[in-house]
Participant: 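Structure in structure tokens, see below.
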Amino acid sequence: LFRMENGSLPPKTEGFVSRMALNDNKAGMEGLDRDKINKIIMETSKGSKFYENELKREQQVNQRIEMMLQKEQITEQQLKKAQAQVERMVAELEESRDLTRAIVHVDMDAFYAAVEMRDCPELKDKPMAVGSMSMLSTSNYLARKYGVRAAMPGFIAKKLCPHLVIVPTNFDKYRAVSNEIREIFTDYDPGFMPVSLDEAYLDFTEHVEKRQSWPESLRTRRYRASTTTTGEESGKLAQEAAPGTPDLSPVLFEDSPSSSSNSEDAGDAFEIFGTSVEEAVREMRFRIEQKTMLTASAGIAPNMMLAKVCSDKNKPNGQYRLPPTREAVMEFVCDLPVRKVSGVGKVSEKLLSALGISSCSHLGQKMALLSLLFSETSWHHFLQVSLGLGSAFIPRHEERKSMSTERTFKEMSAVEEQLSLCHELCEDLANDLKKEGLKGKTVTLKLKNVNFEVKTRALTLPYPVATADEIFTVAKDLLKTERDNESPQPLRLRLMGVRVSAFVSSDHKKPLQRSIVGFLNSGRGESGSSQRAKQQHLKENSQLSSSSQIWPLGCQRARAKRLQLQAAAASTTQQAGLGTSPPPVSGKTDASGRCPDGGSPALVCPICLLSQDDDDLGMFNRHVDLCLN
DNA sequence: ACGCGAAGGACCC
DNA sequence: AGCCAGGGTCCTTCGCTT
């Protein structure tokens, strides 16, 4: 039953749910008493419904591992063949390796906690976390010493650290700060990609190019206390009524390097930054700190995947640059634990660990096997990671795909109560949808019972909905179906959520009318980065036309898919207004969502770049598929 | 063989 | 006292229609 060939599998303590154990993967948790912390976590959780559910899921993963290990008995020939395949692809990927970009990942340090500490000096020397008794969003570094961290329920955190101060989240405030730092990001890459309020990817390549010819004056940044600003700063600093405190950032950690230490009298103090990427990034972080009194960490690397890992390396308040050479990349990736890679979570880590894989070099060594055990997308991703590859350009920000709202509460079994809650959720959601002028055809109801089992029930309509009543009509139906399903037993809920997706690009959403080629050519940025966009376009296109069969194929498909969807969305745009007076919802509405549009712009094939005269989407799709083959 | 909708999960912050 | 969030994206699998 347990074939732990290399002692990698069960951590002997049966009943120990590894899913629940402390996750000391992240920064700020070096050298703390893991065993003691895990013991407390376990004791506090034991016997709870949550714990039971985690146990169940853990066992499911274990079964998955069993099945995988069964399959591992693969013939040598198969493995050889797979190995050859892998090697071919490695060669191909190697050829496409792009080390010319300077991708930066910026990440604010303990963001929410840092903001709260900044605004409440009493908190600075106390272990604190942001969130509630039931869930913490993040903790400061003092609290992390106790094992208190994000995604940990507050009541457990209190056991670990009785003096922990828990501050409720204040999203509006974080959003405001986020806007401030994003203004700075724009100066370095107007096409930057926000990941969350406190995190973003930037492409510094062009900024650094320009920077080479900049005079010192443009690279001079003043400390906060001064009221005048340097050239590029354009008076942004002025409007922030400085509290005048000479000591700026909150004390996040005892040994804070305090980057502002080199000039004691913050009067007219300034700093001149160099022209390298590192200097540029340092400057950006400096500006963030001056502007917000909060620190950020950053990673610099040839692609997004690596940049993300790098930003964690010298956190907090630090940065790390991975040189753009194949050697440096391979060395960096060699001992990198797979878990550090974004996208590899607890489950993947465990699955891989069962195969004796914990570092990225292991990943490379066992690639042939992985290609036989995992789905194509999965092992392709693994392969990329093992080679230190990732996206060398930052994708244009895409439209949102769904919008939802959900709420957790204490057990709720009464039908009327559930209905009124459902209605409330629909109202909230409708409100949010309205803010972005969105209408979607799919409504999804999410339910979590008191045993933490989650269910989703969805229905797709032939027309888009947006108002509370429209959504509620569907949602309450889904709820009723589910209730009937459980027949005599009531639904004992602890969470309910409503989601709307399958958006039909709502009319007045201005430009999006562009043809596909327009979309391609414009890339993500506007005029400013036109040459880059063009270059990017060419790159992508050559990648597409190289009729290589393996890895890039996946890209092509995904890409073509997106483009087809884009076209679909564009062609639907015209008749979006028709959804204003929908037929009454009666259970399964089954009309065909045909859209007999008039006068959509001629579609242009993204592959051959030839305009397709017929405006029939089906024909267009077939054409694109043809082009791909 | 495809495309799509539904349901369930993994993951991220 | 107190028993684990909420907002997303993407992937996989399955059943059905084309």
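So you know, we letter chains A, B, ... as the sequences are listed, proteins then strands, and number each from 1.
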Participant: Can a salt bridge be assigned to the pair A/E116 and A/K173 using a cut-off of 4.0 Å between side-chain N and carboxylate O?
Facilitator: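 Here A/E116 pairs with A/K173 in a salt bridge, since their nearest N and O are under 4.0 Å apart.
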Participant: Using 4.0 Å as the upper bound for N to carboxylate O, is an ion pair formed by A/R175 and A/D172?
Facilitator: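 A/R175 and A/D172: salt-bridged.
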Participant: Taking only the side-chain heavy atoms of A/F50 (C-beta and beyond), determine which of B/dA7, C/dT9, C/dC4 contains the nearest atom.
Facilitator: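 Nearest to the side-chain atoms of A/F50, counting from C-beta on, is C/dC4.
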Participant: Could you tell me whether A/D107 and A/K308 make a salt bridge, using a distance below 4.0 angstrom between a side-chain N and a carboxylate O?
Facilitator: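 Answer for the salt bridge query: no.
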Participant: Output the rounded distance in Å from CG (A/N170) to P (C/dG6).
Facilitator: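 The answer, rounded to whole Å, is 17 Å.
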Participant: The side chain of A/V195 is closest to which nucleotide in this list: B/dA10, B/dC13, B/dG8?
Facilitator: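 Within the option list, the nearest is B/dC13.
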Participant: From the set C/dC3, C/dT9, B/dA7, return the single nucleotide nearest to any side-chain atom of A/R457.
Facilitator: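 Ranking C/dC3, C/dT9, B/dA7 by closest atom to the A/R457 side chain puts B/dA7 first.
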Participant: I want to confirm an ordering. Mapping A/A151 and A/K158 to their closest nucleotides on DNA chain C, which one lands closer to the 5' end?
Facilitator: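 The residue mapped nearer the 5' terminus is A/K158.
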Participant: Taking protein heavy atoms under 4.0 Å as touching, what does nucleotides 11-18 of chain C look like 5' to 3' if B marks base contact, S marks sugar-phosphate-only contact and - marks none?
Facilitator: SS------
Participant: Over how many whole Å does the gap from A/R149 atom CZ to C/dA5 atom C1' extend?
Facilitator: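 Roughly 15 Å, once rounded to whole Å.
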Participant: Between C1' on B/dA6 and CG on A/L478, what's the gap in Å once rounded to a whole number?
Facilitator: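 Roughly 11 Å, once rounded to whole Å.
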Participant: For C/dC4, does either OP1 or OP2 sit under 4.0 Å from a side-chain N or O belonging to A/K448?
Facilitator: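 So the side-chain polar atoms of A/K448 never come under 4.0 Å of the phosphate oxygens OP1 or OP2 of C/dC4.
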Participant: Given B/dC13, is OP1 or OP2 found less than 4.0 Å from the side-chain N or O atoms of A/S137?
Facilitator: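 Indeed not, no polar side-chain atom of A/S137 lies that close.
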Participant: Does B/dG5 have its OP1 or OP2 closer than 4.0 Å to a side-chain nitrogen or oxygen of A/T460?
Facilitator: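 No, no such contact exists.
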Participant: Starting from C1' on B/dG8, measure out to NZ on A/K455 and report it in whole angstrom.
Facilitator: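 Rounded to whole Å, this separation is 12 Å.
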Participant: Measure from the side chain of A/S402, starting at C-beta and using heavy atoms only, and say which of C/dT9, C/dG2, C/dG7 lies closest.
Facilitator: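 For the A/S402 side chain, the nearest candidate turns out to be C/dT9.
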Participant: Run the salt-bridge test on A/R494 and A/E411 with the 4.0 Å N-O cut-off and return the result as yes or no.
Facilitator: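 Result for this pair is no, no salt bridge flagged.
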Participant: Any idea which of C/dA5, C/dG6, B/dC11 is nearest the A/L495 side chain?
Facilitator: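 Ranking C/dA5, C/dG6, B/dC11 by closest atom to the A/L495 side chain puts C/dG6 first.
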Participant: What's the closest nucleotide to the A/K308 side chain, out of B/dC12, C/dG6, C/dG8?
Facilitator: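 Selected nucleotide (nearest to the side chain): B/dC12.
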Participant: Of all the choices, C/dG6, B/dC11, B/dC12, which nucleotide is nearest to the side chain of A/V347 once you look at every atom?
Facilitator: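 Within the option list, the nearest is B/dC11.
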Participant: Could you measure between the two C1' atoms, the one in C/dA5 and the one in B/dC11, and give it in whole Å?
Facilitator: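 Looking at atom C1' only, C/dA5 and B/dC11 are 15 Å apart.
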Participant: Please determine if A/E406 and A/R499 form a salt bridge, counting it only when a charged side-chain N lies under 4.0 Å from a carboxylate O.
Facilitator: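 Here A/E406 does not pair with A/R499 in a salt bridge, since their nearest N and O are not under 4.0 Å apart.
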Participant: Between B/dA10, C/dC4, C/dG8, which nucleotide gets closest to the side-chain atoms of A/P153?
Facilitator: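 Shortest atom-to-atom distance from the side chain points to C/dC4.
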Participant: Whether A/K476 engages the ring of A/F472 as a cation-pi pair (distance to the six-membered ring centre under 6.0 angstrom, angle to the ring normal within 45°) should be assessed.
Facilitator: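 Positive - A/K476 is close enough to the ring of A/F472 and near enough to its axis.
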Participant: To the side chain of A/R400, which of C/dG8, C/dC4, C/dG7 is closest?
Facilitator: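 Output: C/dG8.
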Participant: Looking only at atom C1', what distance separates B/dC12 and C/dC3, rounded to whole Å?
Facilitator: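 Going atom to atom, C1' in each nucleotide, I get 25 Å.
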Participant: Looking at A/R494, does any N or O in its side chain come under 4.0 Å of the phosphate oxygens OP1/OP2 on C/dC3?
Facilitator: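 Checking C/dC3 against A/R494, no side-chain N or O comes under 4.0 Å of OP1 or OP2.
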Participant: Whole angstroms only, please: what is the CG-C1' distance between A/D107 and B/dC12?
Facilitator: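 Spelled out: CG on A/D107 to C1' on B/dC12 is 12 Å.
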Participant: Want to settle it: does A/H105 or A/V454 sit nearer the 5' end of DNA chain B, counting the closest nucleotide to each?
Facilitator: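 The 5'-side residue here is A/V454.
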Participant: Distance check needed: B/dC12 C1' versus A/K346 NZ, whole Å only.
Facilitator: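 Interatomic distance, NZ of A/K346 to C1' of B/dC12: 13 Å.
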Participant: Hey, does A/V443 reach any base, or is it just sugar-phosphate, or nothing, if we go heavy atoms under 4.0 Å?
Facilitator: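 Here A/V443 touches no strand at all.
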Participant: Of all the choices, C/dG7, B/dA6, C/dC4, which nucleotide is nearest to the side chain of A/T405 once you look at every atom?
Facilitator: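 Side chain of A/T405 sits closest to C/dG7.
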Participant: Please report, rounded to the nearest Å, how far the C1' atom of B/dC13 is from the OH atom of A/Y112.
Facilitator: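 Between C1' of B/dC13 and OH of A/Y112: 7 Å.
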Participant: Got a salt bridge between A/K350 and A/E58, using NZ or NE/NH1/NH2 to carboxylate O under 4.0 Å?
Facilitator: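 Result for this pair is yes, salt bridge flagged.
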Participant: What does A/K401 touch in the nucleic acid at a heavy-atom separation under 4.0 angstrom: a base, only the sugar-phosphate, or nothing?
Facilitator: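 A/K401: backbone/sugar contact only, no base atoms under 4.0 Å.
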Participant: Thinking salt bridges, do A/D477 and A/K480 make one under a 4.0 Å N-O criterion?
Facilitator: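 No, no charged N to carboxylate O under 4.0 Å.
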Participant: Tell me if the side-chain of A/S45 makes a donor-acceptor pair with the base of C/dC3, cut-off 3.5 Å, by modelled atom types.
Facilitator: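 Side chain to base: no pair present.
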Participant: Does A/E52 come within less than 4.0 Å of A/K56, counting only side-chain N to carboxylate O?
Facilitator: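 Salt bridge absent between A/E52 and A/K56.
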Participant: Using whole Å, what does the distance between atom C1' of nucleotide C/dC4 and atom CE of A/M152 come to?
Facilitator: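 Taking CE of A/M152 and C1' of C/dC4, I get 10 Å after rounding.
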Participant: Between A/R57 and A/L197, who's closer to the 5' end of DNA chain B by nearest nucleotide?
Facilitator: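 Here A/R57 is the residue nearer the 5' end.
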